[in-house]
Amino acid sequence: MAQAGFDRRRINGPEESFPPVFDDDDDRRPSSKPRQGRKPSEIRPIFLQPGLITQANGSAYIETEKTKIACAVYGPRQSKNMAYSENGHLNVEVKYAPYACRQRKAPIRDAEDRSIGVAIHQALLSSVRLELLPKSTIDIFIVIIESDGLEGCVAAGSVAASTALADAGIELFGLVVSCAAALVDDEIWLDPTLDEAQYAKGSLVLATMPALETVTSVWQNGQMQTVDVIKCMELCEERCTEMHSVVAQVLLDSQR
Amino acid sequence: MTTSEDADLKAAVFQRLHPRVYLERFVAENVRPDGRQIDAWREISVNVGSISSANGSALVRVGNTTVVCGVKAELAEPELDAPTRGFLVPNLDLPAICSPKFKPGPPTEEAQVLSDRLNEVLVTTIPLESLCIHPGKSVWVLYVDATCINYDGNAFDAALIAMVAALKNTMLPKATYNEDTMRTTCSRKTLSPLQINSLPISMSFGIFDSHVFPDPTSFEEPLLDTSISVVIDDNGKISSVSQIGADVDALLTCTSAARKRHEFLSQRIYL
């Protein structure tokens, strides 16, 4: 239900408009086991391209089937209006395009955008050498062009942001890669789509730096037994290590 | 540093400190700073239909300027004084991601001006009566949102092509209005394309020291004395002309250059 308050800075439509209701909406069945299309531990192929946004210091575009995210890094640049700080600041801003989800999102930034921003910030913070950049800010801007579930966006956004940071030449301790997992009944499905995640009891997004074998962030939602959480983390970590070589190769190829 | 790196650094510093003189040096050799001939246009590439969450979508690149456009269709009640007209709501967003000169926050003046100009042109493309489902009760609202991801000048041309291509790509589900329940239901299986009246293409020029630059880049834009945009529809008729700046002679040159460019583009862009 899109109730746009009159925004004098944009062209406005009618006061109230509703997303279309389909006649077969009640017939849609929840995801059934076994998983459709791929094995539970399989992740979808990733297309990652750095350097597409020429105006930025570094950029990356990531696409995994229905998740399309563009990320640009500006910095290090001067921290305006901020008191002197010995370490640099990392600022992550995420924006959904209005057409990214099934229901149109108004262009106003809301809590969901901010929560993805916070999750990606947490994933990247320990990988950037901020102590080398006093008085500076690194701005990471992420635009979600098409979204296939919140966990998918956080995971793909973290990978894109880390690639963009490397593309910008900012000193890092290591590349951050991230993988999402969902607990459906008793099976763990990696890289869940929006439909799969909706029927999961709980989900987990793990961000790691495989080069240093360290975890940078764990984001868990829903009800999961502790053993399941540990199992998810182990499965995600394996995938992350595979992803890391892909990301490193992509960065190497782009420099040639 | 090798001598070629040294020369690149010197050129980059000169470009930052004296942009006008830098541009004048190129113009004296009849080229533009990005290497094209002084009257050449940049390559345009259009890719439609890649965003499945939108009813229609297009990604357009004009040189480095990249604009993504998505069309979302929603249902609404029509205005009281226009019971058979639907709504077409175009908006261009220039977010902080696309250029260092845009800060995060509400739409800047530039974005608002461009959205307004796009709205004026798009009003001619679709007959709003074709969006009516049931007069006085239920109509379609088409939200046409364009997002610029890389701003290298001439966002207006790129955004217009993106919006029109996205509209051409849009498939609307068949909607039926039930008078008893006063609700509209749509069918996922029957889709139909939009009725399109015209497919406008815009061509923008900048005037610098009485030289006409077609398709200015983001480096050239702040140095221009005058900007002229010519919009031509698919019948070859001029749909709109806008000039910002005081130049008196360039308008005729620009309209004829625009017509020539339109002949080249018209069959290639909106396939």
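Protein chains get the first letters and strands the later ones, always in sequence-line order, with residue 1 at the start of each.
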> For the pair E74(B) (side chain) and P20(A) (backbone), establish whether a donor and an acceptor sit closer than 3.5 Å, ignoring hydrogens and angles.
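Judged by distance alone, no pair lies under 3.5 Å.
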> Give, as side chain, backbone, both or neither, the part of P173(B) having an atom under 4.5 angstrom from any heavy atom of chain A.
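For P173(B), the side chain is the part near chain A, not the backbone.
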> Chain A: which of P78(B), S57(B), C98(B), P95(B) shares the most heavy-atom pairs with it under 4.5 Å?
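Highest number of heavy-atom pairs under 4.5 Å: C98(B).
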> Return yes if some donor-acceptor pair links the side-chain N/O of D145(B) with the main-chain N/O of P98(A) below 3.5 Å, else return no.
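Pair absent, no side-chain N/O of D145(B) close to backbone of P98(A).
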> Could you walk me through whether K66(A) and S53(B) pass the side-chain contact (heavy atoms from CB on, under 4.5 Å) test, one step at a time?
CA-CA 9 Å; K66(A) 290 197 181 167; S53(B) 55; over 6 Å; no
> Would you call N91(B) and P107(A) a side-chain contact if the rule is heavy atoms closer than 4.5 Å?
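Of all side-chain heavy-atom pairs linking P107(A) with N91(B), none is under 4.5 Å.
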> Taking C-beta and beyond as the side chain, do I142(A) and I97(B) meet within less than 4.5 Å on heavy atoms?
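They are not in side-chain contact.
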> Among A54(B), P107(B), A175(B), which has the most heavy-atom pairs under 4.5 Å with chain A?
P107(B)
> Under 6.0 Å from the CZ atom of R77(A), do we count more than 12 heavy atoms belonging to anything else shown?
yes
> For residues I51(B) and I145(A), determine if any side-chain heavy atom of one lies less than 4.5 Å from a side-chain heavy atom of the other.
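Answer yes - side chains close enough.
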> Scan for salt bridge (charged side-chain N to carboxylate O under 4.0 Å, His left out) pairs involving residues 87-110 of chain B, sequence neighbours excluded, and state none if there are none.
K95(A)-D93(B)
> Kindly write out the residues that satisfy ring pair (Phe, Tyr, Trp, His ring centres under 6.0 Å) with Y61(A), not counting sequence neighbours, or none if the list is empty.
none
> Contact part of A100(A) toward chain B, heavy-atom cut-off under 4.5 Å: side chain, backbone, both or neither?
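For A100(A), the backbone is the part near chain B, not the side chain.
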> Kindly indicate, with the supporting measurements, whether the criterion side-chain contact (heavy atoms from CB on, under 4.5 Å) is fulfilled by L52(A) and R61(B).
CA-CA 11 Å; L52(A) 280 180; R61(B) 298 195 61 172; 4.0 Å; yes
> Just by distance, do the side chain of K72(B) and the backbone of K105(A) share a donor-acceptor pair under 3.5 Å?
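No: the side chain of K72(B) does not pair with the backbone of K105(A).
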> Hey, are N150(B) and T54(A) close enough side-chain-wise for a donor-acceptor pair under 3.5 Å?
yes
> Given Y99(A) and V68(B), is the side-chain contact (heavy atoms from CB on, under 4.5 Å) satisfied, shown in steps?
CA-CA 10 Å; Y99(A) 40 83; V68(B) 186; 3.5 Å; yes
> Among V143(A), I108(A), D148(A), I140(A), who wins on heavy-atom pairs under 4.5 Å with chain B?
V143(A)
